[in-house]
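Working notes, beginning with the structure itself.
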Amino acid sequence: MENTAVKNKRDAVREKLIVALDYDNADEADVLVKKLGSLVSVYKVGLEIFLRTKGAIVERLHAQHKKVFLDLKFHDITNTVVQACLFAAEQNVFMFNIHCANGEKTMEAVSRMLKERSSKSLCIGVTVLTNLCDEDMKIFYGERFNTAQTVEAMAEAVKRSGLHGIVCSAHEAAAVKKRFGKDFVTVCPGVRPAEVQKFDSARKEDQSRVMTPYEAVKAGADYLVVGRPVTQSSNPEQTVRLILDEIRAAVGMESGAETGIKN
């Protein structure tokens, strides 16, 4: 029988991985979720699949006892964003997000609403998208600004507002953790398994700021969002196992085979 402490560590490792369902229909998503089984506990539902399924994908995942990161990046005037966040919280999703560009006043209103309703959903702020780089920041904001400065400024506003954390590149995670504390949640897309990067440099796709799972966890990432390296893999189970092994190595836990943990 599995030791409780070992099981808890195993579950903690698995919950660090969020697989993005980069599909335009629920059937393909269902096939992947069933194929991955207990390997993956948390899935990201983005705009494409949410809209294409008219939101039904959330219920389908919950029916399979999976946690949902609802990645709709709400961005509008305060009242509209608060109502959108209320909808997300009412779906009992594990986590959802809004754009930090909404401003601190809006984020405070969302934080207040979630507390009033005793919501268990995490709400995080989207900082600088991982397909953007320093040159983009200069175009938008001028020569004095870069990605790291912009992320930290947005994170500070999120922290003051009372929201739970941010979406950022793993490249910014270490500085964010150091400044805002270990309980300030960092969710990091732009993660590519080391083996995938080794054999296919094109796998960076449309991401500019990329790290391996091992590097990202070491840098302070709480959750790693991985999409196409899994969904477009010829062997998604093996890809997920490679990712989990990198996460285990980063947290100082031996591989599944060595500890008797079965994926």
Would you say that Ser169 contacts Cys188 through its side chain, given a criterion of any heavy-atom pair below 4.5 Å between the two side chains?
no

Determine whether Val251 and Val13 make a side-chain contact, defined as any pair of heavy atoms from C-beta on separated by less than 4.5 Å.
yes

Taking all non-hydrogen atoms of both residues, which atom of Ala170 and which atom of Ala219 are closest, and how far apart?
O-CB, 3.6 Å

Any non-hydrogen side-chain atom of Phe50 less than 4.5 Å from a side-chain atom of Leu72?
yes

Contact between Arg60 and Asp30 at the side-chain level, heavy atoms closer than 4.5 Å - yes or no?
yes

Any chance you could lay out the side chain to side chain contact (heavy atoms under 4.5 Å, CB included) test for Ile18 and Val226, step after step, and finish with the verdict?
CA-CA 6 Å; Ile18 302 176; Val226 185; over 6 Å; no

Arg192 to Pro229 - nearest heavy-atom pair and separation:
CD-CG, 3.4 Å

Do Lys35 and Glu237 meet the salt-bridge criterion of a basic N to acidic O distance under 4.0 Å?
no

What pairs with His99 under ring-ring contact (aromatic ring centres under 6.0 Å, His included), at least two apart in sequence or on another chain?
His75

Are Ile77 and Phe74 grouped together when hydrophobic residues (ILVMFWY) are joined by side-chain heavy atoms under 4.5 angstrom apart?
no

According to side-chain contact (heavy atoms from CB on, under 4.5 Å), who are the partners of Thr150, at least two apart in sequence or on a separate chain?
Val128, Met137, Tyr141, Phe145, Met154

Hey, can you pull the donor-acceptor pairs under 3.5 Å for the side chains in residues 85-96, sequence neighbours left out?
{"unit_1": "Gln91", "atom_1": "NE2", "unit_2": "Phe87", "atom_2": "O", "d": "2.9"}

Thinking salt bridges, do Asp222 and Lys177 make one under a 4.0 Å N-O criterion?
yes

Find out if a path of hydrophobic residues (ILVMFWY) with successive side-chain heavy-atom gaps under 4.5 Å connects Val31 to Val19.
no

Check whether any side-chain heavy atom of Cys100 lies under 4.5 Å from a side-chain heavy atom of Val126, and answer yes or no.
no

Would you say Lys67's side chain and Tyr43's backbone share a donor-acceptor pair under 3.5 angstrom?
no

When rounded to the nearest 0.5 Å, the distance separating CD of Glu28 from CG of Asn25 is 4.5 Å

Which value, rounded to the nearest 0.5 Å, describes the distance between Arg117 atom CZ and Arg112 atom CZ?
13.0 Å

Taking C-beta and beyond as the side chain, do Phe184 and Val176 meet within less than 4.5 Å on heavy atoms?
yes

Got a salt bridge between Lys16 and Asp11, using NZ or NE/NH1/NH2 to carboxylate O under 4.0 Å?
no

Decide salt bridge (Lys or Arg N to Asp or Glu O under 4.0 Å) for Asp71 and Lys44; before the verdict, give the C-alpha distance in whole Å, the side-chain angles of both, and the deciding distance to 0.1 Å.
CA-CA 6 Å; Asp71 179 32; Lys44 181 176 86 70; 2.9 Å; yes

When rounded to the nearest 0.5 angstrom, what is the spacing between NZ in Lys73 and CG in Leu47?
6.5 Å

Spatial distance of atom OG1 (Thr53) from atom CD (Glu59) [nearest 0.5 Å]:
9.5 Å

Pair Thr231, Tyr23 - check side chain to side chain contact (heavy atoms under 4.5 Å, CB included), show working.
CA-CA 8 Å; Thr231 60; Tyr23 299 111; 3.5 Å; yes

Shortest non-hydrogen contact from Thr239 to Pro193?
CG2-CG, 4.3 Å

Residue from Asn97, Ile124, Ile98 passing side-chain contact (heavy atoms from CB on, under 4.5 Å) with Leu163
Ile98

Are any non-hydrogen side-chain atoms of Leu17 and Val42 less than 4.5 angstrom apart?
no

To check you understand the geometry: which heavy-atom pair defines the closest contact between Val225 and Ala20, and what is its length?
CG1-CB, 4.2 Å

Taking atom CD of Glu246 and atom CE of Met211, what is their separation to the nearest 0.5 Å?
12.5 Å

In short, Ala29 meets Ile57 closest at the heavy-atom pair CB-CD1, 4.0 Å

Do Val230 and Tyr214 sit in one hydrophobic cluster, given that two such residues count as connected whenever their side-chain heavy atoms are within less than 4.5 Å of each other, even indirectly?
no

Checking Gln64 side chain against Leu61 main chain: does a donor-acceptor pair fall under 3.5 Å?
no

Are any side-chain N or O atoms of Ser111 and backbone N or O atoms of Ser161, one a donor and one an acceptor, separated by less than 3.5 Å?
yes

Do Glu215 and Thr212 have side-chain atoms, one donor and one acceptor, less than 3.5 Å apart?
yes

Which atom of Gly227 lies closest to which atom of Asp22, heavy atoms considered
CA-OD2, 3.3 Å

Rounded at 0.5 Å granularity, tell me how far CG in Asp24 sits from CG in Asp27.
10.5 Å

Any side-chain to backbone donor/acceptor pair from His164 onto Leu122? Under 3.5 Å, distance only.
no

Would you find a donor on one side and an acceptor on the other, under 3.5 Å apart, between the side chain of Asp76 and the backbone of Val81?
no

Note: Glu108-Arg160 ion pair, threshold 4.0 Å (strictly below)
no

Minimum side-chain heavy-atom gap Leu244-Arg14 below 4.5 Å
yes

Should Asn102 and Thr78 be marked as a side chain to side chain contact (heavy atoms under 4.5 Å, CB included) after you check the CA-CA gap, both sets of side-chain angles, and the distance that decides it?
CA-CA 7 Å; Asn102 283 293; Thr78 299; over 6 Å; no

